[in-house]
Amino acid sequence: MTKNHKNYLELAFQLAETNLGKTGLNPSVGCVIVKNDTVLSSGVTSFKGRPHSEFNALNKLKGCSGASLYTTMEPCTHYGKTPPCINIIIKKKIKNVFYGFDDPDIRTYQKAKKILKKNGIKAKLLFSKKFRNFYDSYFVNKKKKIPFVSAKIAVSKDYKTINKKNKWITSNLSRKTVHLIRNKFDCIVSTSKSINFDNALLNCRISGLDNYKPDLFIIDLKLNLRKKLKLNNLLKKRKTHIITLIKNRKKSNVFKKLGYKIIFVKTLGDKKDLNILYNKIFKMGYSRVLVETGLTFLNFLLSNKALNELYILKSENKLGKHGNNNDTSKYIRKIFPKLPLINIHNDQLVKKRFNNV
């Protein structure tokens with residue numbers, strides 16, 4: 001890969017990252033149009049997944065004959081709710097197409113290059129080591145028909161997850177980092193126990209992102225969720241679901257009247273049950289899930305190998321007798337020392353990838 005190819009492809013990936021978690025079941029794709037070492041146009045997959053990035057980049061250009069197109073994923077070749085992107089690429093007389101990944105969708109997989117070649121357009125797959133994991137979530141979606149599941153947890157230096165003197169464990173900058181992380185997911189999963197304890201909103205509350213509110217799933221098998229919570233003020237602004245047992249149908253009517261949507265399950269006790277729930281969430285159009293709970297549910301996911309990714313934010317301060325745990329911290333203790341650390345003011349962040357689901 002030449003230096004310019006690398007720069008333009010990285011620019012396309014940076015564009016794709018802006019809409020990660022906001023394009024439904026379609027991947028977030030970035031596209032850059034270049035001619036004579038000048039960027040003529042750019043585009044990213046639209047909110048909820050349509051139009052696609054190539055269309056958004058090319059549709060606003062009148063003269064781009066002979067230009068090169070850089071896109072993070074192989075342009076689609078099939079008709080769906082919109083025409084395939086190769087149509088507008090051919091129509092606009094693009095000369096070269098460079099892309100970062102083959103599309104695992106069987107309707108397009110490795111077909112774009114052949115079709116473009118027949119139309120006199122050179123196409124080449126360019127591997128970017130820097131962004132090699134960018135589409136992990138999309139590949140899980142396509143292969144397993146479930147969302148990509150991440151979780152985050154904040155711990156003290158002595159691995160306590162509850163601060164008995166103060167609501168917060170980590171710094172203000174770390175909490176802003178959590179809002180940035182939430183911005184990359186289309187829904188959040190929590191538990192009634194966690195929400196009741198924190199009276200949490202679980203939205204994005206930093207400048208520029210404060211209008212984005214990932215939809216919420218609350219695991220509440222016994223319907224113990226408090227009726228008066230701050231998140232009730234967001235029920236008209238985002239979809240909020242309660243996951244409960246089938247036998248709670250009558251009790252669930254109280255929450256329906258408040259504006260919650262109800263999802264019934266028979267049980268939630270092992271990995272099979274989790275995969276059934278994950279599949280339900282995927283069929284509702286969600287591709288990236290962030291789990292924000294306490295140690296008990298996190299350990300349940302870890303022990304059942306039901307996570308793709310875990311963020312651990314660790315404070316540099318010990319809580320000692322002022323800290324507590326509702327479950328063992330042995331899993332995160334094992335994970336933390338083995339990974340490269342990202343320093344955030346007085347805290348540290350690690351991100352662990354799993355190949356479990």
Side-chain angles (χ1 to χ4, degrees), residues 21-27 48-49 104-106 135-153 182 184-196 202 214-225 231 238-256 259-311 326-327 331 352-357:
K22 303 178 185 67
T23 56
L25 299 184
N26 283 340
K48 296 298 183 183
D105 191 319
I106 58 173
Y135 284 116
D136 283 0
S137 58
Y138 181 57
F139 295 144
V140 168
N141 298 160
K142 283 296 179 184
K143 184 178 180 181
K144 301 290 187 178
K145 304 300 180 187
I146 59 175
F148 184 84
V149 182
S150 303
K152 78 89 185 167
I153 191 82
R182 284 177 187 163
K184 304 300 181 186
F185 293 84
D186 48 16
C187 70
I188 293 171
V189 169
S190 190
T191 62
S192 56
K193 184 176 180 179
S194 294
I195 291 174
N196 285 342
L202 297 172
D215 290 344
L216 180 60
F217 290 81
I218 304 168
I219 298 174
D220 188 14
L221 299 183
K222 296 182 180 180
L223 289 181
N224 292 323
L225 190 69
L231 63 81
R238 70 174 178 191
K239 294 178 182 177
T240 304
H241 308 78
I242 294 177
I243 299 163
T244 191
L245 297 175
I246 290 174
K247 63 183 179 182
N248 290 330
R249 287 186 183 276
K250 289 184 179 179
K251 288 175 67 176
S252 68
N253 288 332
V254 176
F255 291 97
K256 283 183 178 179
Y260 292 90
K261 301 179 186 301
I262 307 298
I263 297 174
F264 293 104
V265 295
K266 292 181 180 179
T267 182
L268 196 60
D270 56 25
K271 184 172 182 177
K272 182 179 178 182
D273 297 335
L274 283 168
N275 279 333
I276 291 171
L277 176 61
Y278 288 169
N279 183 251
K280 283 187 178 183
I281 293 173
F282 178 77
K283 286 181 177 178
M284 295 170 68
Y286 300 99
S287 62
R288 290 174 57 83
V289 171
L290 179 64
V291 178
E292 295 198 53
T293 65
L295 264 182
T296 304
F297 190 71
L298 177 60
N299 283 342
F300 173 60
L301 297 180
L302 288 169
S303 62
N304 280 283
K305 298 182 178 180
L307 275 182
N308 296 108
E309 184 179 67
L310 174 61
Y311 296 88
N326 286 330
D327 210 328
Y331 292 110
K352 166 70 174 176
R353 288 290 180 101
F354 304 95
N355 294 312
N356 294 327
V357 180

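Keep in mind the model is a prediction, meaning the values are calculated, not measured.
Looking only at distances, no side-chain donor or acceptor of Asp220 sits under 3.5 Å from a matching main-chain atom of Ser192. Remark: the backbone N or O of Thr293 is not paired with any side-chain donor or acceptor of Lys193 at under 3.5 angstrom. The backbone N or O of Phe148 sits nowhere less than 3.5 Å from a side-chain atom of Asn308 that would complete a donor-acceptor pair. Between the Asn141 side chain and the Ser137 main chain, a donor and an acceptor come within less than 3.5 Å of each other. The backbone N or O of Leu221 lies less than 3.5 Å from a partner atom in the side chain of Thr244, making a donor-acceptor pair. Side-chain atoms of Thr296 never come within 3.5 Å of backbone atoms of Asp327 as a donor-acceptor pair (strictly under, hydrogens ignored). A distance-only check finds a donor-acceptor pair linking the side chain of Asn196 to the backbone of Asn224 [under 3.5 Å]. In this structure, Arg182 contributes its side chain and Pro214 its backbone to no donor-acceptor pair below 3.5 Å. Side-chain atoms of Tyr260 never come within 3.5 Å of backbone atoms of Ile218 as a donor-acceptor pair (strictly under, hydrogens ignored). Proximity of a side-chain donor or acceptor of Asp186 to a complementary backbone N or O of Arg288 within less than 3.5 Å is detected.
Leu202 has its side chain out of reach of Leu231: every pair of non-hydrogen atoms, C-beta onward, lies at least 4.5 Å apart. Counting only heavy atoms from C-beta outward, the side chains of Leu274 and Phe300 approach each other to under 4.5 Å. Between Ile276 and Val265, the closest side-chain pair of non-hydrogen atoms is not below 4.5 Å. Residues Ser252 and Phe264 meet the side-chain proximity criterion, which asks for heavy atoms closer than 4.5 Å. Side-chain contact between Ile243 and Ile263 is present, with heavy atoms from C-beta onward closer than 4.5 Å. Side-chain contact between Phe185 and Pro147 is absent, with no heavy-atom pair separated by less than 4.5 Å.
Taking each heavy atom of Gly294 and Ser194 in turn, the nearest pair found is N-OG, 3.2 Å. Contact detail for Lys145 and Asn279: the closest heavy-atom pair is O-ND2, 3.0 Å. Closest approach of Ala151 and Leu298 over heavy atoms only: CB-CD1, 3.9 Å. Across all their heavy atoms, Ile219 and Phe297 have their closest contact at CD1-CZ, 3.2 Å. Between Ile195 and Ser190, the shortest heavy-atom distance links the atoms CG1-OG, 3.8 Å. Between Leu245 and Lys266, the closest heavy-atom pair is CD2-O, 3.5 Å.
The environment of NZ in Lys239 is sparse: at most 12 heavy-atom neighbours from other residues, nucleotides or ligands sit within 6.0 Å. Environment of NZ in Lys251: crowded, with over 12 heavy atoms of neighbouring residues, nucleotides or ligands closer than 6.0 Å. Heavy atoms from other residues, nucleotides or ligands lying under 6.0 Å from NZ of Lys261 number 12 at most. Enclosure of atom CD1 in Ile106 is not indicated, since only 12 or fewer non-hydrogen atoms of other residues, nucleotides or ligands lie within 6.0 angstrom.
Remark: Asn248 CG to Lys250 NZ distance equals 12.0 Å, nearest 0.5 Å. The distance from atom OG of Ser150 to atom CG of Leu307, rounded to the nearest 0.5 Å, is 7.5 Å. Of the inter-residue distances, the one linking Leu290 atom CG with Ile188 atom CD1 reads 5.5 Å to the nearest 0.5 angstrom. Considering CZ of Phe282 and CG of Leu25, their distance stands at 4.5 Å, rounded to 0.5 Å. With rounding to the nearest 0.5 Å, the separation of NZ in Lys271 from OH in Tyr278 is 9.0 Å. Taken to the nearest 0.5 Å, the CG atom of Asp270 stands 9.0 Å off from the CG atom of Asn275.
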I would like to know whether Phe354 and Leu302 meet side chain to side chain contact (heavy atoms under 4.5 Å, CB included); could you show each step before the answer?
-> CA-CA 10 Å; Phe354 304 95; Leu302 288 169; 3.8 Å; yes
For Phe217 and Lys280, what are the C-alpha separation, side-chain angles and deciding distance, and is it a side chain to side chain contact (heavy atoms under 4.5 Å, CB included)?
-> CA-CA 12 Å; Phe217 290 81; Lys280 283 187 178 183; over 6 Å; no
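Note: His241 and Tyr286 have perpendicular aromatic rings, judged against thresholds of 30 and 60 degrees for the angle between ring planes. Relative ring orientation between Tyr135 and Tyr138 is described as perpendicular, the plane-to-plane angle rising above 60° on a 0-90° scale split at 30° and 60°.
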